Amino acid sequence: MKVRDNFSQIYLNKIKNKLSILEIERNKSMNLFLISASLGNVLLLKVYKIMLHHNVQYLAFALAAFITFLCYYFSFKAYKKSYKEKVIHSFFQEILTDTIYLPDSHLTESEYQASLLFQGEYTHFSGEDLVEGKLNGTPIRLSELMIKRVQQNGKKRKTVLVFKGLLAIYYFPHQYQSETIIEPDYAEKLLGKYFGNLLQTDIFGEHKHVNLESPDFEKEFVVRSLDQVEARLILTPHVQDTLTKIKQKNEFNFAMSFTPNMMAFAFRTTKNLFEAPTFSNCIETKSFRDIVDIFSFIHDVSNTVDSKIKKI
Amino acid sequence: MGISSILLIAIVFVGLLFFFSYNNLIGKKNQIDNAAGGLDATLKQRFDLIPELVEVTKQYMKHEETMFTKIIELRSRGKTTANLDEKNHISDELNNEIGKLLVTVENYPELASNQNFLRLQDSMIDLEKNIAAARRFYNAAIIDFNDSIQMIPGIFIAPIMGLKARERYSIDEFEKNVPNTKDLFSKK
């Protein structure tokens, strides 16, 4: 894929050198961590005899874990910060214009709600690694998000993960004012076309199921919209084919939406995509490859849609 | 559980099945009407644009009277007929004539760069896309309805309700071979 090749080229040309330097830093941090953690636990052993005497030896394990964690945190702190500045920030500066990277910020709750993707009741909303910039001259904002619902039932506490992953909002001032949501189709894959469609028919929801022409597209995606005609204006047979091909080449669990004046992309993942690898090789890190692939995907889709939908 | 209880459960079950199937078929029939209404409105919008297009092009193409006559005639027929299928057919013929007109526009560079003409071009392209999307929705609604009345349990209930399978919109054979207006506009 041409765009993915371009991104791979950017990675090879500009970022790989930085990753090589960072790998040296990672090794140093690892050595510091191993030495400090070992020293810390050796000192703890000396204290263990005293703890044993006072019958509080069980605290030793908790202390050992705490010491190890502290050593890990301080040993890798500078390296992790360096990774975000030199790798993540540099990558986005290459592919976006007017780039701003704020590692401790995230998209707002109203942006998440406006995206209509992976919605659900939640009690906790957090995130990090906010990136702002322009892609093809159009503003884009993205960040990692962690959204969960904590249910307290007497003494029992249950945490439900509503969404964890990357959400990207492409502020594309298009002419369509309806809401169309494209999500991965599990029902049709599991149950076949008839029962899958039956399950997907939400008679009470505002967004009605849209049945489209391409059987391959229908197998991969389920589409809901407030306006059946507008959904078909956006998802022409060509766009359906392109999205299907892109989906079949990638393993992402993603969803997309078109709402007034924007397109949103959500990628569900349990990984922390922007975090520096600590126990594995920096240069071969899969997380960074995943970021490259995700952004190639966003670029491909936004280009396909840009050419078909009129900007206003 | 006695026979009477089983019979009662069976009757309730059949009653519920009839209830939901009836409502489902009515909903799908209304969806076709909804889609037809949208398509009709879009076709009307296109017919309404024709006089303006003729007015702008006539100023420059003074010797193309036959072409304009045919376009105006088709437009009148399209506006007066209430039958959607006929309207669709006339729209396709109109598409054909506008395609021929646009090929001729190439011989009039002043017209091709006229602001009003360019604005009309944009409107026509948008309307073409809207018509295509509206037709796809109309066809999807008909397929959905036809599936429902040909599958169980709709196949038993549809005759009681007097519902029959409907015909989808299909492009006429001649239309398949003529240039697409949108493509012609896009080349400008």
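Within every chain, numbering begins at 1; the chains are lettered A, B, ... in the order of the sequence lines, protein sequences first and strands thereafter. For clarity, every value in this text was computed on a predicted model and none was experimentally measured.
- Summarising the local packing, CZ of A/Arg149 is surrounded by more than 12 heavy atoms from other residues, nucleotides or ligands at distances under 6.0 Å.
- Around atom OH of B/Tyr22, no more than 12 heavy atoms belonging to other residues, nucleotides or ligands sit under 6.0 Å away.
- By the neighbour-count criterion of 12 heavy atoms within 6.0 Å, atom CG of A/Asn153 is sparsely surrounded, having that number or fewer from other residues, nucleotides or ligands.
- The CZ atom of B/Phe137 sits 8.0 Å away from atom CG of A/Asp227, with the distance rounded to the nearest 0.5 Å.
- Atoms CZ and CD, on B/Arg136 and A/Gln228 in that order, are 11.0 Å from each other to the nearest 0.5 Å.
- Contacts between B/Asn139 and chain A at a heavy-atom distance below 4.5 Å are absent for every atom of the residue.
- Enclosure of atom NZ in A/Lys164 by more than 12 non-hydrogen atoms of other residues, nucleotides or ligands within 6.0 angstrom is indicated.
- In A/Lys134, the NZ atom is not crowded: 12 or fewer heavy atoms of neighbouring residues, nucleotides or ligands sit closer than 6.0 Å.
- Contact detail for A/Arg232 and B/Ala133: the closest heavy-atom pair is CD-O, 3.7 Å.
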Would A/Leu233 and B/Asn130 count as a side chain to side chain contact (heavy atoms under 4.5 Å, CB included) if you check the C-alpha gap in whole Å, the side-chain angles of each, and the deciding distance to 0.1 Å? CA-CA 7 Å; A/Leu233 276 164; B/Asn130 285 354; 3.2 Å; yes
